[in-house]
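Written below as structure tokens is the structure these notes are about.
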Amino acid sequence: MKTIKYLVLGALMMGSSAPMMAQDNKTVIAEISKVIKAHPADLKDQVKDVYKKNKKNGEVLVGIGRAFYDVKDTVNANVYADYGIKLKYAPAFVLKGDLKALAGDGGGAVELYDQAIYFDPKDPVPYYKYASVYRKISPSQAVAKLEDLRAQRPDVAVDAMIGRIYYQSNDFDQAIAAFKKADLAKMEERDVRSFAMSYFLKQKYAESLEVAKAGLAISPRDAGYNRLAFFNCTDLGNYDEALKYADALFNKSDSASFTYYDYTYYGNALSGAKRHDEAIAMYQKALQQEIDNKDKRAGVIKQLAEAYKEKDDYVNAIKTYDEYLGAVSQPTATDYAGLAQLYIQYADTLSGAARTDNFKKAEEVYVKLQEKFPTAEEYATFMRARVNAYIDPETKDGLAKPLYEKVVSMIEPKAEKDKSDCARLIECYRYLGYYYLLNNDKEASKGFWAKIVELDPANQMAKQALEQLSK
């Protein structure tokens, strides 16, 4: 137990030249920090021995205080910070400020950081500490403090620090602007990562990828950079390249841990590369992970349904999409329309009764959509009309007729009609014009084709129909 103590005391016996003394201080601090972390029974005595030898040595006193801070012993950390403050040693004010910040006293912290700057205006640490606390109140004033540092130390990468402050404040546009002014090659690793993340969060994937690659050039086994490169390539649609980075993330990165989000992105990349079975397996893997939000989980289920659809497995696509509707907290009208579309697409692959049955299931979904979202009645009615036209492709039974007529009655009275209104009316008129033509009511048919020409004078089908009906 005395071994560490003797090492510490031995360190105190070293020479006294200025450069050697600096080395001695670092050695003393390193050794006593080990003791404080180990917390032996005679900790108090060992620390006291070092203190007695260094009562006037601010660097060692603050080093002891910082070691206590690191093990969350704030009582002793405060004691040694105060010893350093009595010596007017600037880093002691920084340590005391950190303790104030830890206790939730931001105002007290910035006052102490300001005092540290007063005693050593060239040290960048208290400027950044000040800015980090003040950013919660005013990011612009935090940045102003860093500009004071630029005046004192033109050699310090102030722009990168400013970028860091804006990044921590979730102002990604300002973060990007600041990081772009800094020398990427001289940035700290955390700033390079924040730069890449800022671009990613602003959906500037190509720029984010470029910065992530710069990070990978230095740290090729870094999980964070491989993840960002993987995500960016996926969002850019560069799926083959994305899968290379996915392999690097999952198999060639140090200390990598994975979340549902990683597996979901892997599924997206595999799906984009048309490797649908592997994509499905990856989405299923994502659903096995802990997901802290039911809507996020529902989103993965929806992507799994899409993967089934992409491989034309409509049975599982529909089943899984139905699970999604049950899992999401508030399904939208668009969500219900998605299920109806799956039934329609599935029906298109079938024939006979199975085809009709799935079209009818699609119509049932549109009916439910209208019941849940009354404001979507026009859309639901229009889609029901279209589905019935699919069931009766030769218009023998006129199944879609009453529904298209209802859509016409809803749109025609509108004082102003947008492009969507006009497109729907043209489809309705075309169906009704053809229906009446088949039923030998030429006058009624002509009326609907003429309405199409009013909306779309260049419509060749309508003009040809009117020409034939006029003979």
Side-chain angles (χ1 to χ4, degrees), residues 29 33 36 47 51 57-179 181-182 187-188 190-191 193-195 197-198 201:
I29 293 167
S33 295
I36 290 169
V47 174
Y51 168 69
N57 189 330
E59 184 178 0
V60 171
L61 294 174
V62 172
I64 295 170
R66 184 63 69 181
F68 278 121
Y69 178 91
D70 290 342
V71 297
K72 297 181 173 55
D73 183 345
T74 57
V75 173
N76 278 308
N78 269 296
V79 169
Y80 282 89
D82 288 338
Y83 287 151
I85 285 172
K86 286 180 182 178
L87 300 175
K88 295 182 172 56
Y89 182 59
F93 291 96
V94 174
L95 174 57
K96 190 76 172 181
D98 290 351
L99 287 160
K100 290 284 187 182
L102 188 65
D105 183 1
V110 296
E111 287 180 10
L112 285 156
Y113 296 143
D114 242 351
Q115 289 181 31
I117 292 168
Y118 173 79
F119 286 108
D120 187 357
K122 300 293 185 183
D123 182 5
V125 173
Y127 290 93
Y128 179 68
K129 297 271 189 177
Y130 180 107
S132 293
V133 173
Y134 218 84
R135 70 174 175 79
K136 300 173 184 176
I137 304 167
S138 171
S140 61
Q141 286 185 253
V143 168
K145 179 60 71 172
L146 292 175
E147 292 294 351
D148 292 343
L149 171 61
R150 193 195 301 275
Q152 291 287 339
R153 290 284 302 276
D155 60 307
V156 173
V158 172
D159 288 310
M161 287 186 179
I162 291 172
R164 194 186 309 164
I165 290 297
Y166 280 125
Y167 178 77
Q168 292 169 341
S169 303
N170 295 325
D171 189 339
F172 304 118
D173 286 322
Q174 292 274 34
I176 290 168
F179 284 133
K181 293 177 184 176
M187 278 189 195
E188 291 184 34
R190 59 176 167 172
D191 294 327
R193 195 184 305 276
S194 297
F195 191 13
M197 275 299 299
S198 296
L201 292 168

Would you check, one step at a time, whether the test side chain to side chain contact (heavy atoms under 4.5 Å, CB included) holds for I85 with Q115?
CA-CA 10 Å; I85 285 172; Q115 289 181 31; 5.8 Å; no

Working for side chain to side chain contact (heavy atoms under 4.5 Å, CB included), residues I162 and Q174:
CA-CA 9 Å; I162 291 172; Q174 292 274 34; over 6 Å; no

I'd like a table of donor-acceptor pairs (distance under 3.5 Å, sequence neighbours excluded) in which one partner is a side-chain atom from residues 60-71, with atom names and distances.
unit_1, atom_1, unit_2, atom_2, d
R66, NH1, D98, OD2, 2.8
R66, NH2, D98, OD2, 2.9

Can you sort out the partners of S198 under side chain to side chain contact (heavy atoms under 4.5 Å, CB included), two or more places apart, ordered by chain and number?
Y167, F172, A175, I176, F179

Which residues satisfy the side chain to side chain contact (heavy atoms under 4.5 Å, CB included) test with D155, sequence neighbours excluded?
R153

Restricting to ring pair (Phe, Tyr, Trp, His ring centres under 6.0 Å), what partner residues turn up for Y130, sequence neighbours left out?
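In terms of ring pair (Phe, Tyr, Trp, His ring centres under 6.0 Å), with neighbours along the sequence ignored, Y130 is linked to Y134.
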
Kindly indicate, with the supporting measurements, whether the criterion side chain to side chain contact (heavy atoms under 4.5 Å, CB included) is fulfilled by K100 and V133.
CA-CA 11 Å; K100 290 284 187 182; V133 173; over 6 Å; no

Taking only residues two or more places apart in sequence or in another chain, which ones pass side-chain hydrogen bond (donor to acceptor under 3.5 Å, both in side chains) with D159?
R150

For R135, give me all partners under side-chain hydrogen bond (donor to acceptor under 3.5 Å, both in side chains), at least two apart in sequence or on another chain.
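Applying side-chain hydrogen bond (donor to acceptor under 3.5 Å, both in side chains) to R135 gives Q168.
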
For residues 160-175, which residue pairs qualify under salt bridge (charged side-chain N to carboxylate O under 4.0 Å, His left out), counting only residues two or more places apart or in two chains?
R164-E188, R164-D191, D173-K202

Provide the full list of salt bridge (charged side-chain N to carboxylate O under 4.0 Å, His left out) pairs with a residue in residues 72-83, sequence neighbours left out, each pair given once.
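Residue pairs passing salt bridge (charged side-chain N to carboxylate O under 4.0 Å, His left out), neighbours aside: D82-K96.
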
Strictly by side chain to side chain donor-acceptor pair (under 3.5 Å), give each pair with a member in residues 116-125 just once, sequence neighbours left out.
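Side chain to side chain donor-acceptor pair (under 3.5 Å) check on residues 116-125 returns K122-Q152.
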
Indicate yes or no: at least one non-hydrogen side-chain atom of I117 is less than 4.5 angstrom from one of K145.
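Sidechains of K145 and I117: in contact.
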
Hey, could you give me the [atom1]/[atom2] distance between [X] and [Y], rounded to the nearest 0.5 Å?
X	Y	atom1	atom2	value
D105	L112	CG	CG	8.5 Å
L99	N78	CG	CG	4.5 Å
D114	K129	CG	NZ	15.0 Å

Enumerate donor-acceptor pairs with a distance under 3.5 Å from any side-chain N or O in residues 136-144 to protein atoms, sequence neighbours excluded.
unit_1, atom_1, unit_2, atom_2, d
S138, OG, S140, OG, 3.1
S138, OG, Q141, N, 3.2

Contact list for residues 89-116, test ring pair (Phe, Tyr, Trp, His ring centres under 6.0 Å), sequence neighbours left out
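For residues 89-116: F93-F119.
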
